[in-house]
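Worksheet: the structure to be examined is printed underneath.
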Number of protein chains: 2
Amino acid sequence: MRASDRAYEALREDIVEWRLLPGQVLGEVEQSERFGISRTPIREALSRLTADGLAEAHRGRGVVVSQVSLEDVRALFELREALDCRAARLAARRRDPVAFQGLAAELEAVVAQLHGPGTDRAGYYDLVERMDRAIDEATANPYLTSAQRSLRLHLARVRKLSRTNPDRLARAAAEHAQIARAIAEGSEELAEAATRVHLANSLQAVLTTPVREWVQPAPPLEAAG
Amino acid sequence: MRASDRAYEALREDIVEWRLLPGQVLGEVEQSERFGISRTPIREALSRLTADGLAEAHRGRGVVVSQVSLEDVRALFELREALDCRAARLAARRRDPVAFQGLAAELEAVVAQLHGPGTDRAGYYDLVERMDRAIDEATANPYLTSAQRSLRLHLARVRKLSRTNPDRLARAAAEHAQIARAIAEGSEELAEAATRVHLANSLQAVLTTPVREWVQPAPPLEAAG
DNA sequence: GACAAGAGTTCTGTATACATTGATGCGGGA
DNA sequence: TCCCGCATCAATGTATACAGAACTCTTGTC
């Protein structure tokens with residue numbers, strides 16, 4: 001694996017996991033010393049982060065981690081509605097029924113399990129990721145999948161801001177199961193409707209959950225680390 | 001302006017304008033000699049092209065211009081329907097009425113002019129570009145705009161494949177005028193419907209217009225020029 | 001004659017040195 | 001006391017050298 005790939009993925013994770021806060025300056029020399037590699041692969045990593053929208057190149061001041069505001073959350077969910085609804089329709093049209101029946105069954109099991117004592121967040125999130133991949137595969141549209149990939153990066157960052165309520169987790173799983181069933185049945189209308197319901201509830205949950213701070217304070221100029 | 005920016009834009013134009021054909025290998029040394037700059041800014045330019053999807057990094061064989069197939073056209077228009085319809089709705093909701101009334105009037109003038117003797121393609125394309133920007137501004141959604149920017153790059157490349165029929169040009173202008181009027185009136189439903197009509201007709205036009213070749217032949221290994 | 005193994009060559013990936021540009025802080029003047 | 005301008009400096013932008021890997025051509029063997 002290339003050094004630039006390692007640096008890119010590490011920095012991306014740091015930003016998504018809020019270990020690197022918005023406004024943080026990502027100096028080339030600083031990061032190259034941190035990873036023990038030269039500036040060249042760091043430059044490529046920062047370039048990719050900028051293309052992803054996770055960072056912005058400020059002329060003369062280098063690359064800084066991008067801000068996330070409440071307005072961004074609205075904008076992200078607007079784009080998500082456009083992409084997810086279309087993806088759900090296309091997936092329902094071209095899906096492998098068995099695959100989505102399986103996902104629906106697994107999701108139902110998670111719903112039942114989340115109503116019990118244990119809360120297996122990791123298992124649920126893994127299942128959602130598999131369902132996203134299954135939808136991407138079913139849509140058979142690399143351009144749509146590419147747009148989704150970029151969008152999910154930002155959504156993951158926003159999601160990490162607030163701790164999802166356990167009750168909401170169970171309801172989200174039930175909504176995902178509904179989407180999977182609709183796709184398995186091949187009903188485009190129902191798949192889109194179920195997606196709309198899920199997105200509306202998800203946005204509601206994000207907006208009503210207490211978050212740390214939407215607008216991060218100006219970070220210290222000296223590097224954290 | 002940075003050398004890497006110049007190289008990126010020049011290469012991007014070359015790909016969109018089909019001066020660089022799919023499968024063409026973009027060697028770092030070759031391109032650096034062509035632009036008279038070193039490999040470093042060329043690497044950054046190629047990296048951006050790869051992020052755009054206009055080129056692909058082949059392990060060991062460098063960066064090559066990406067292919068465009070009939071399947072890609074279908075996929076692009078599927079994504080376009082998702083993005084453009086949502087953008088039209090949002091623009092109708094948040095638009096500046098005067099701006100879109102002005103665009104509608106200009107488009108009507110172009111329609112009348114295209115029905116006459118002269119065919120001012122450049123003027124029409126410039127007007128469409130201004131309308132795209134106006135919609136981007138009205139949606140007030142940087143993530144949606146970013147997705148549109150990427151998509152339009154690929155669409156421009158596809159569009160250059162076939163010469164648009166003059167009759168189709170006039171009808172397309174009329175459809176654009178319809179969209180602008182709907183947005184100016186603030187009717188989300190009508191804006192979306194008009195967009196759907198335009199996209200269906202555009203796709204139809206692309207698919208029925210004789211094109212050079214959808215699948216380009218394997219390019220010569222030696223660089224062209 | 002065909003296939004496989006090896007050496008040569010050419011490419012990418014990385015490191016580092018140099019140039020250039022923008023930021024910062026100090027001093028002078030209004 | 002505030003503002004403008006210049007010098008200093010630090011960080012980015014670029015060039016180039018080196019290392020490693022992949023492809024290709026050649027050669028030998030079956």
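Lettering follows sequence order; numbering is per chain, from 1.
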Q: Whole angstrom is fine here: how far is it from CD1 in Ile42(B) over to P in dT14(D)?
A: 10 Å
Q.
How many whole angstroms separate atom NE2 of His58(B) from atom P of dC23(D)?
A.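 That distance rounds to 11 Å.
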**Q.** Where protein sits on nucleotides 10-17 of chain C, one letter per nucleotide: B base, S sugar-phosphate only, - none, heavy atoms under 4.0 Å
**A.** --BBBBBB
In chain order, what residues pass the side chain to side chain contact (heavy atoms under 4.5 Å, CB included) check against [X], with sequence neighbours excluded?
X	value
Ala205(A)	Arg168(A)
Ala138(B)	Ala91(B), Arg95(B), Phe100(B)
Glu33(B)	Val29(B)
Glu137(B)	none

Q. Quick one: salt bridge (Lys or Arg N to Asp or Glu O under 4.0 Å) pairs with a partner in residues 61-70 of chain A, sequence neighbours left out?
A. none
